[in-house]
Number of protein chains: 2
Amino acid sequence: MTTAFNNAATTFSHGGHDHGTCVETALAAAAGICTKRGARLTPLRRRVLELIWRGHAPVGAYDLLRALAKKQPGAAPPTVYRALDFLLAHGLVHRIESLNAFVGCAHPQQVHGGQFLICSDCGAAAEVHDPRVDAAISRRAAELGFTVRHKTVEVQGLCAPCQDRLQEAGHGN
Amino acid sequence: MTTAFNNAATTFSHGGHDHGTCVETALAAAAGICTKRGARLTPLRRRVLELIWRGHAPVGAYDLLRALAKKQPGAAPPTVYRALDFLLAHGLVHRIESLNAFVGCAHPQQVHGGQFLICSDCGAAAEVHDPRVDAAISRRAAELGFTVRHKTVEVQGLCAPCQDRLQEAGHGN
DNA sequence: TACTCTTTTGTTATGTTATAACATACCTAT
DNA sequence: ATAGGTATGTTATAACATAACAAAAGAGTA
């Protein structure tokens with residue numbers, strides 16, 4: 001299967017794609033995975049996942065909480081953190097360490113560490129899986145006798161559309 | 001110059017090295033760099049850097065604050081965060097995003113992003129600079145039209161000594 | 001020296017992120 | 001129906017970080 005959502009081009013396309021498709025695909029995939037594993041994607045967990053998939057920019061736990069609280073007055077920090085724990089454990093979302101925020105996983109079929117390109121301008125985070133990056137890290141760790149449990153790769157910078165736009169804006173100055 | 005401190009072997013050597021040398025070397029290097037740049041390594045900043053270099057495990061800002069407060073009753077969060085800002089700006093320490101903590105920089109001569117191997121057992125973080133990792137990330141970003149500003153690479157796992165020790169402990173079970 | 005400008009530090013308050021601990025409700029299988 | 005596990009509600013607090021303004025300390029100059 002080729003997941004059509006959340007590659008770098010889509011992630012950084014700034015509304016130039018049908019985001020409803022991203023959300024639907026992600027929720028359907030999540031439901032399927034949970035069923036297969038006997039895990040329960042409860043309404044609350046599903047709702048949190050849906051809120052995370054509202055955009056391609058990582059979302060903070062308290063942003064989720066505020067959104068959740070609109071329809072669910074009893075919501076408190078543990079409500080959202082417990083849902084996030086579940087989603088993280090099943091590889092349905094990733095935590096972006098450098099932002100203390102969470103983003104939907106583009107490839108939830110198997111749990112994995114992610115590599116992320118994070119645009120400082122539009123805030124979107126694209127998940128990439130470069131085997132060369134992965135291999136280079138694993139190789140270096142092995143050389144040093146270090147056993148890898150989890151890799152975090154987060155690259156801050158500017159996505160192509162934002163570069164273009166900023167350059168445009170610069171012409172007038 | 002070859003910096004003898006804080007390579008993976010030293011970092012993960014668990015007291016099997018003269019740590020006083022690490023600290024002295026780091027402080028001397030920091031002093032030299034600041035002088036060269038016309039930056040002021042004030043007693044407070046120097047003290048914070050020294051506290052960070054007490055060990056090879058990343059230290060939280062509030063741990064630093066508690067240590068600082070023993071000899072400096074007026075110390076408050078901004079005291080330590082401002083010192084950290086200075087040290088970060090001059091590349092004398094790194095922030096470990098996945099731990100919200102700070103560690104001394106092994107190669108402060110030029111400001112740079114770091115790659116870290118972080119042992120989940122002993123807590124030590126070794127700074128590595130693998131050009132292949134760096135190149136692989138840059139190459140992938142370039143392919144996607146993404147301009148890199150800062151790379152974060154943090155690998156959680158087990159260092160060699162901890163693996164050995166845990167295996168030893170396992171024999172009895 | 002006295003003045004002034006800049007940098008650094010002190011101080012108080014608050015914002016933001018995350019978890020502990022215990023109570024309640026809800027499924028599910030016998 | 002009921003016991004045992006899983007999920008959620010609820011209150012409180014821990015841990016991490018910054019805003020805003022005041023005071024002090026350094027550096028250059030008249």
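Contacts of residues 36-48 of chain B with DNA chain C (heavy atom under 4.0 Å): B:Arg40, B:Thr42, B:Leu44, B:Arg45. Contacts with DNA chain D (heavy atom under 4.0 Å) in residues 83-96 of chain A: none are found.
Protein chain B touches strand DNA chain C; the 5'-most and 3'-most nucleotides with an atom under 4.0 angstrom of its non-hydrogen atoms are C:dT7 to C:dT12.
Of the candidates B:Leu49, B:Thr79, B:Val80, B:Thr79 is the only one forming a side-chain contact (heavy atoms from CB on, under 4.5 Å) with B:Leu44.
Between the side chains of B:Gln109 and B:His107, no donor-acceptor pair is found at a separation under 3.5 Å. Of the N and O atoms on the side chains of A:Thr152 and B:Gln156, not one donor lies less than 3.5 Å from an acceptor on the other residue. One side chain, B:His112 or B:His94, offers a donor N or O that lies under 3.5 Å from an acceptor on the other.
Nearest-nucleotide mapping onto DNA chain C: of A:Gly60 and B:Pro73, the residue sitting toward the 5' end is B:Pro73. Between B:Pro78 and A:Ala101, it is B:Pro78 whose nearest contact on DNA chain C lies nearer the 5' terminus. The 5' end of DNA chain D is approached more closely, in terms of each residue's nearest nucleotide, by A:Gly74 than by the other of A:Gly74 and A:Tyr62.
Remark: aromatic rings of B:His19 and B:His14 are distant, center separation not under 6.0 Å.
Separating the CG atom of A:Asn100 from the P atom of D:dA17 is a distance of 8 Å, rounded to the nearest angstrom. What separates OH of B:Tyr81 from C1' of D:dA20 is a distance of 18 Å, to the nearest Å.
A:Glu154 is listed as a side-chain neighbour of A:Ile96, based on a closest heavy-atom distance under 4.5 Å. Side-chain contact between B:Arg149 and A:Leu158 is present, with at least one heavy-atom pair separated by less than 4.5 Å. Contact annotation: the side chain of B:Phe12 never approaches that of A:Leu144 to less than 4.5 Å [non-hydrogen atoms, C-beta and beyond]. In this structure, the side chains of B:Cys105 and B:Leu92 stay at 4.5 Å or more apart for every pair of heavy atoms.
The minimum heavy-atom distance between B:Cys159 and B:Cys122, with the atom names listed, is SG-SG, 4.0 Å.
In this structure a side-chain-to-backbone donor-acceptor pair under 3.5 Å is present from B:Arg45 to B:Arg40.
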